[in-house]
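Reading through the structure tokens given below for one structure.
Chain letters run A, B, ... following the sequence lines, proteins first and then strands; every chain starts at 1. Everything numeric in this text was worked out from a predicted model, so none of it was measured.
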Amino acid sequence: MFLFFLSSGLFLGWTLGANDAANVFGSAVGSKMVKFRKAAIVASVFVILGAVIQGAGASHTLGKLGSISALGGAFTVALASGLTVFGMTKFRLPISTSQAIVGAIIGWNFFTGNPTDYSSLTKIVTTWISGPILGAIFAIILYISLKKLIRKLQIHLILLDAYIRNALIIVGAFGSYSLGANNIANVVGVFVPSAPNIVLNFGLFTLDGVQLLFLLGGIAIAVGIITYSKRVMMTVGDDIMKLSAEASLVVVLAHSLVLFVFSSSSLSNFFVSIGLPAIPLVPVSSSQAIVGSIMGIGLLKGGRNIKFNVLGNISIGWILTPILAGLSSFISLFFVSNVFKIQVSEGSEKAANQAVEIGLQTLDKANNNSIDLFQPTLYAIILALSAGVAFLLYKQTRYKKEKNIASFNEQEKTYQIQTNLLKKEIESTNLTNKKLENEVNYKKQELMNFALSIIQKNEFLEKLKAKINKLKDKSDLELNHDDLNKLSRLINENLNLDKERENFDLYVSDMNSEFFFRLNKKYPGLTENDKKLCALIRLKLSSKEIASLINISPKSVEVNRYRLRKKMNIQHDERLSDVINKL
Amino acid sequence: MKIFKTSKSVIKNIDDFYDTIDIGLLNFKEGLKHYLDGNLAEFEKKLRTLEKLEGKADAIKRSIENEFYLHSILPNFSSDVLRLLEKSDDIIDMAKENLSQFDVEIPNIPEVLINDFIRLADISVAATENVIPSARIFFTSPDKAKEGLQKVAFYEREADKLANQIKRKLFREMDELKLSEKIHLRYFALHIEEISDASELVSNILSALILKSRM
């Protein structure tokens, strides 16, 4: 049940991780100085460490502001602030988790009728102003010092780049630690009074109930960083003004110092020991600290590069956040209390204060519920190591498998490429064959035309010759010798039978070279005239046409066809033209 | 750490790159003088050396570019730094091209113009000799890099004037030369002068980079 109620706090932790990690590593990742993976791992580890080791300080003040004694109330308050943060982030409005939780607690105070501890509220609200101012002061001092140092040392720009990269990781780790230490109060601070009363002994160290709560909160922030902060980091970098690498480093360092100052009880005690007033340990807004630091640098450079419209949006966000969170907390509490009938407060102020005291001093009381976890921890470490080794082995095997698959795919790809090439080659050959076939058909047609023109011409000339013979039979007086001579010359010029026939023979043998080859192979005993006859039959010419072509009578063609049938051993029921065409 | 190893290798490469350009330009100047003195064998030697140096500068520049892209070095002004290197490389490319043109076209330079050409080469190269130290110093003390850049502008203007003087002499005073010869020689004056122009371009990029680094 406790874990169910804690889920809203963990959700708030997730949103904090998603948004506020960008304050620490945003400019470094956005400017590609640090890779996101490295940034996420460092931030996650140090946020958890900061939360567990130094998270208690700021929780005290938040607990005093509104001592939410009932689990249902804590759940609703955390959920209301989580939803406010998530919603405003969705609308790309800059937001502070600290302000959201403070607003939500005040909403709870109003709903339950508990009085708000105005001294704690004043302390917290003061840090909303002093936090950015302190950030600006730190940033100015650090930036001037860093610039002087760089100028004095005359470090090569590229070496400086390497130093800054490493410094960004170190400072980022410090910033994440401070973020965890200071802002864990925002995430699970309201659950402190309801923390389980146990102490876990891991052999090397112990964790009490509150620290366990902080550990869970820290893990939620880390999950937020890993799963959702990349997008924010990539866009947040240059929002207010474009920063150089050195300025980014200074901004993150100044921001981390502000968070550290407001969460370190040792530093506060040290101040008291030297006679200075104690530093209030309150959760400061990480976003406000970063904005203050960037403003400090901007002002140092004359304020020209600051995008004041972005600053205006941030200011609106700062005013809206506590109001919206307070309202949503009040409304949610109304529903939770009246609709779901869940108890959201213990009822009296006294009881609440007692609960807080109980929560904050769990360590003393928890000694009674100490659980020795040394052996389980040892087993867990061994198990984790074995799992790690198994994972590595699995990864290596998978890598090998993937490599094999990749090589197989490569081979298959090559094979496919070759197949495609062959296919294309076949296609191209087919295309050439078709083209050649078309050419042959065209030539056949041409040959036919050629043959027909010879036939027509010969027929015409035969008729002409007959006419001339008739003219010759007439008496000398009737004849005009000149006309006759002209006619005769014309006939000789046009007839020129031998020449055309020669051309035709050449054409036929050229066209049918392959056919003749097959004919010779199958019927070796055929004469040249037989072969020519076969070629003409293949052209589907009639006996009369063949006779005219080769200048013999149609009867002779018939006789030749008969002889050919005999030579080729063709049966009665078979047609000569069919046999020839099948060749 | 790998990043420090990479950084040191890039720094060494940048130094080698500018050393190569420096030596290349000395070879250019010497080669040109040998040509004008009629010492063609020595001229040839210098040309070959310059060709090798130009190739080396190209290879180093490519290697620096690779490192920059691979390790996202100086992400805020990597493009400007790479442009600076690219344009610096153009100077040695131009010097080699210049000497090659002398080798291929063998221009006939009249006795009266020899001294002018030598001076033009000296002044043009002087512009580069001032921009390269500025480029080197930019990486360690950007504020000091500005000092040498004034001289670059001065030498560029001087080279411009001298080239004009040569061209004026060619076209107004030397009637014994054919028009084709005049035009031929004019181009050689122009080519030598271009080295100072390229140096001025590098100087401009450097000025912008200095401003950016101060921001």
Side-chain angles (χ1 to χ4, degrees), chain A residues 25-39 143-144 146-170 233-234 237-238 240-251 294 297-307, chain B residues 1-19 60-61 63-85 88 133-147 205-206 208-215:
Chain A
F25 275 111
S27 41
V29 173
S31 62
K32 291 174 188 162
M33 292 287 279
V34 178
K35 282 183 183 160
F36 172 74
R37 203 166 69 168
K38 200 183 262 180
Y143 191 73
I144 293 171
L146 184 69
K147 275 281 173 189
K148 271 191 180 168
L149 189 74
I150 291 171
R151 208 166 293 149
K152 200 176 173 190
L153 292 175
Q154 294 196 345
I155 307 167
H156 197 285
L157 267 185
I158 288 162
L159 200 58
L160 182 67
D161 181 73
Y163 282 130
I164 288 175
R165 273 163 204 265
N166 286 296
L168 275 169
I169 294 171
I170 295 165
M233 280 190 194
M234 290 300 185
D238 300 330
I240 300 170
M241 67 175 270
K242 203 168 168 60
L243 292 174
S244 64
E246 296 99 321
S248 304
L249 179 69
V250 165
V251 162
I294 296 174
I297 304 250
L299 289 172
L300 188 67
K301 288 182 175 181
R304 284 186 305 273
N305 299 324
I306 301 173
K307 294 172 189 164
Chain B
M1 289 239 259
K2 202 189 168 194
I3 182 76
F4 287 111
K5 211 175 160 187
T6 313
S7 301
K8 278 175 188 164
S9 136
V10 173
I11 293 169
K12 190 183 169 293
N13 274 340
I14 291 176
D15 279 342
D16 282 352
F17 176 71
Y18 281 116
D19 284 345
I60 300 174
K61 188 198 74 187
S63 149
I64 297 171
E65 279 172 352
N66 280 346
E67 297 284 14
F68 261 72
Y69 289 127
L70 209 64
H71 302 283
S72 332
I73 295 170
L74 292 176
N76 282 338
F77 28 74
S78 62
S79 60
D80 296 288
V81 171
L82 291 178
R83 190 156 173 257
L84 175 78
L85 298 177
S88 305
S134 297
R136 280 181 199 269
I137 211 163
F138 163 75
F139 289 100
T140 48
S141 320
D143 293 333
K144 287 182 189 164
K146 195 91 185 158
E147 290 162 18
I205 296 169
L206 211 47
L209 257 173
I210 293 166
L211 273 176
K212 271 194 180 179
S213 70
R214 278 181 186 161
M215 278 164 76

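Chain A forms more heavy-atom pairs under 4.5 Å with one residue of B:L74, B:I3, B:I73 than with any other, namely B:L74. Of the listed residues (A:L160, A:I150, A:D161, A:I164), the greatest number of heavy-atom pairs within a distance under 4.5 Å of chain B belongs to A:D161. For the set B:P142, B:S7, B:S141, the entry with the most heavy-atom pairs within less than 4.5 Å of chain A is B:S7. Heavy-atom pairs under 4.5 Å with chain A peak, among B:V10, B:T6, B:I11, at B:I11.
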Exercise for the section: Kindly determine whether B:V81 and A:L157 satisfy side-chain contact (heavy atoms from CB on, under 4.5 Å), including the steps that lead there. Expected result: CA-CA 11 Å; B:V81 171; A:L157 267 185; 5.6 Å; no
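Of the atoms belonging to B:F138, heavy atoms from both backbone and side chain fall under 4.5 Å from chain A. At a 4.5 Å heavy-atom cutoff, the contact between A:L159 and chain B is made by backbone and side-chain atoms alike.
One distance of note links NE2 of A:H156 with NZ of B:K8; it measures 12.5 Å at 0.5 Å rounding.
Each of B:N13, B:I64, B:I14 was evaluated against A:I158; a single residue qualifies, B:I14, per the side-chain contact (heavy atoms from CB on, under 4.5 Å) test.
In this model, no donor atom of one side chain and acceptor atom of the other lie less than 3.5 Å apart for B:T140 and A:Q154.
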